[in-house]
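Notes for the one structure printed next.
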Amino acid sequence: MTDRAARGTQTSGLDLHLGHFDTVGRNVRAGLMDAFRDAIRTGRLVPGTRLPSSRVLATDLGLGRNTVVRVYSELISEGWLTGLHGSGTEVARRSAEPVGGRARPRSPAAPVRPLHDLRPGWPDLSSFPRDEWVRAVKRTVGTAPFEAFGYTDPHGRPELRDAIARYLARSRGLRAHAGNVIVCSGAAEGLRLVAATLAGAGVTKVAIEEFCLHTQRPALLKAGIEPVLLPVDADGADLSTLDETADLGAVLLTPSHQFPLGVALQSDRRAAVVDWARRRGTLIIEDDYDGEFRYDRSPVGALQGLDHDHVVYLGTASKSLAPGLRIGWLVVPDHLVGPITAEKGWAEDSVGFVNQLAMTEFIESGAYDRHIRAMRAQYGRRRRQLVDVIGEHSPATRVAGMSAGLHVLLEQPGRTGAELVRRAVREQLAVEPLGLFRNPGSTSDRDGLVVGFAAPSPSAWSGALDALVRVLR
């Protein structure tokens, strides 16, 4: 059997809803044809949709097969359908309605996709370890207990929580066990859960960095919490004003690699913020952004390792593997496990059990560590190449931030970030201005371009780098 014939066999039993029409009397054929035309005109049957075989549709509708065969044949001759030799019938792919048909509004043109993508926050998706992941899925799903196929525990699969706790203790210096881990669909969902839980406990203000991820401020505002801005300098967030702000219930930091300025929270400030949280009975929310990717030395341990009773840790596989997996985790103090899990609830969207089991196997087999090491080497080479090329072709441009993460901040005298973005558009290059990540109320006058260097595939990297050089010239 040919591939096309096989596909036809596979689609012969498709369900099809055509709405009500008269199936008794002399106008059955005309009624069925009108039902098909109406479904196609209104977009319920889109171009390329495979249709059931004439035998299956006749059985489903209680009609003679010859009637359905004639309807298919006439609609093919009119241009509504297309007959595919050996693989059945599908809705015709055409650019306009047949003459006499009711005009369908055209969809707005899709935005032109840039030729080069250097947006921050995106990993190299072409390097996703497909073969290792498929093996992990096969190994775990084939032996999973029956209960794994049921509704997901809001805490997450116990196997994954245990694997995450041991991995984070080993690689990031956390003090964690499975009971403190809550699996979520990413750092954004994790922060939303924490913010809602804090608001429910009466917290009204949380300090955040004056430049930060675009998801942080909205998450707090949605929970009814007022964000209080902290300046950021070469040593990370300036924490000197924490004691001056009344009713401050928590501080949200990216201490390993501040986004987007690219600095780390220095050791004296790390100790100071932990001391503040202990004295005030408050909370530190640690977004371990890019924590795995440090290129000039071993990664600094997570802040949570200094005080697990006053730190909520947010982590994710979005940068280390792929955002489409929707795998993230919270490591929370004992007293917050119940409230955050209750906020998440059974109805909350959760990570599918297949991905949870596969991630467990991926960590425990060592494949996760191997992948991170490989990507750390690749991204480190890219960052060095970017710095060298900019130094050669645009020496006036300053590359800000430490040797870590998946992005750099470029500052060029006499040019704003918005101006550089306009130049990038002409080069079909996707980048983002620093101002996009500045919170309202910030007094900083810093400006520039936030450039990610991870997203392009290895074959596309040199072209993207050339386009960036043309922008900076």
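All values below come from the heavy atoms of this structure, side chains included, with hydrogens, waters and symmetry mates left out.
Within the 4.5 Å cutoff, side-chain heavy atoms of Ser394 are placed close to those of Gln412. Between Asp233 and Val263, every side-chain heavy-atom pair lies at or beyond the 4.5 Å cut-off. In this structure the side chain of Met359 never reaches within 4.5 angstrom of the side chain of Gln356, judged on heavy atoms. Between Ile284 and Val312, every side-chain heavy-atom pair lies at or beyond the 4.5 Å cut-off. By the 4.5 Å heavy-atom criterion applied to side chains, Pro456 and Ser462 are not counted as neighbours. Asp369 is listed as a side-chain neighbour of Arg170, based on a closest heavy-atom distance under 4.5 Å. Inter-residue side-chain proximity for Glu209 and Leu261 is flagged as unmet; no heavy-atom pair is nearer than 4.5 Å. Side-chain contact between Leu420 and Pro433 is absent, with no heavy-atom pair separated by less than 4.5 Å.
To the nearest 0.5 angstrom, Thr140 atom OG1 is 8.5 Å from Phe353 atom CZ. Atom CG of Leu465 sits about 7.5 Å away from atom CD1 of Ile390, to the nearest 0.5 Å. Rounding to the nearest 0.5 Å gives a distance of 10.0 Å between CG of Asp153 and CD1 of Ile182. Atoms CD and CG, on Glu343 and Leu336 in that order, are 12.0 Å from each other to the nearest 0.5 Å. Here CZ of Arg157 is found 12.5 Å from CG of Asp162. Values are rounded to the nearest 0.5 Å. Taken to the nearest 0.5 Å, the CG atom of Leu118 stands 12.0 Å off from the CG atom of Leu406.
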Show your working on side chain to side chain contact (heavy atoms under 4.5 Å, CB included) between Leu213 and Leu191 and close with a plain yes or no. CA-CA 12 Å; Leu213 292 160; Leu191 178 57; over 6 Å; no

Applying salt bridge (Lys or Arg N to Asp or Glu O under 4.0 Å), run through Glu411 and Arg398 and close with a yes or a no. CA-CA 5 Å; Glu411 297 173 299; Arg398 175 174 177 259; 2.4 Å; yes

Before you tell me yes or no, could you show the steps for Leu306 and Val311 under side chain to side chain contact (heavy atoms under 4.5 Å, CB included), namely the whole-Å CA-CA distance, both residues' side-chain angles and the distance that decides it to 0.1 Å? CA-CA 9 Å; Leu306 298 178; Val311 179; over 6 Å; no

Kindly indicate, with the supporting measurements, whether the criterion salt bridge (Lys or Arg N to Asp or Glu O under 4.0 Å) is fulfilled by Lys319 and Glu292. CA-CA 9 Å; Lys319 309 297 185 298; Glu292 307 94 337; over 6 Å; no

List the steps, then state whether side chain to side chain contact (heavy atoms under 4.5 Å, CB included) holds for Phe293 with His257. CA-CA 9 Å; Phe293 298 110; His257 186 232; over 6 Å; no

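Of the possible donor and acceptor atoms, none in the side chain of His308 sits under 3.5 Å from a partner among the backbone N and O of Leu174. Side-chain atoms of Arg161 come within 3.5 Å of backbone atoms of Val181 as a donor-acceptor pair (strictly under, hydrogens ignored). Arg172 places a side-chain N or O within donor-acceptor distance of the main-chain N or O of Val300, the cut-off being under 3.5 Å. No side-chain donor-acceptor contact under 3.5 Å links Tyr379 to the backbone of Pro123. Remark: side-chain polar atoms of Arg382 are paired, donor with acceptor, to backbone N or O of Ala454 under 3.5 angstrom. The backbone N or O of Ile327 lies less than 3.5 Å from a partner atom in the side chain of Thr316, making a donor-acceptor pair. Judged by distance alone, the side chain of Tyr295 and the main-chain N or O of Gly405 form a donor-acceptor pair under 3.5 Å.
Asn180 approaches His177 most closely through the heavy-atom pair OD1-NE2, 2.6 Å. Pairing each heavy atom of Ala464 with each of Leu429, the nearest pair is O-CD1, 4.4 Å. Considering every non-hydrogen atom in both Lys344 and Cys184, the closest pair reads CE-CA, 4.1 Å. Pairing each heavy atom of Leu357 with each of Glu159, the nearest pair is CD2-OE2, 3.9 Å. Taking every heavy atom of both residues into account, Ala264 and Ser256 meet most closely at CB-O, 3.8 Å. The two atoms that bring Gly121 and Tyr289 nearest to each other are CA-OH, 3.6 Å, heavy atoms only.
When the options Phe259, Phe437, Phe453, Trp122 are evaluated for a ring-ring contact (aromatic ring centres under 6.0 Å, His included) with His407, the one that passes is Phe259. Here the rule is side-chain contact (heavy atoms from CB on, under 4.5 Å) with Pro260, and of Val232, Leu434, Leu409 only Leu434 fits it. The side-chain contact (heavy atoms from CB on, under 4.5 Å) test with Leu230 singles out one residue from Ile208, Leu242, Asn439, Leu252, and that residue is Leu242.
A salt bridge does not link Arg135 with Asp131: none of the charged nitrogens is closer than 4.0 Å to a carboxylate oxygen. Ion pairing between a basic and an acidic side chain is recognised when a charged N comes within 4.0 Å of a carboxylate O; Lys138 and Glu361 show no such pairing. A salt bridge is defined here as a Lys NZ or Arg NE, NH1 or NH2 lying under 4.0 Å from an Asp or Glu carboxylate O, and Arg326 with Glu189 fails to meet this definition.
When the shell of 6.0 Å around CZ of Arg130 is examined, it contains 12 or fewer heavy atoms from other residues, nucleotides or ligands. Heavy atoms of other residues, nucleotides or ligands lying less than 6.0 angstrom from CH2 of Trp133 number more than 12.
For Ser442 and Ser444, the side-chain atoms include no donor-acceptor pair closer than 3.5 Å.
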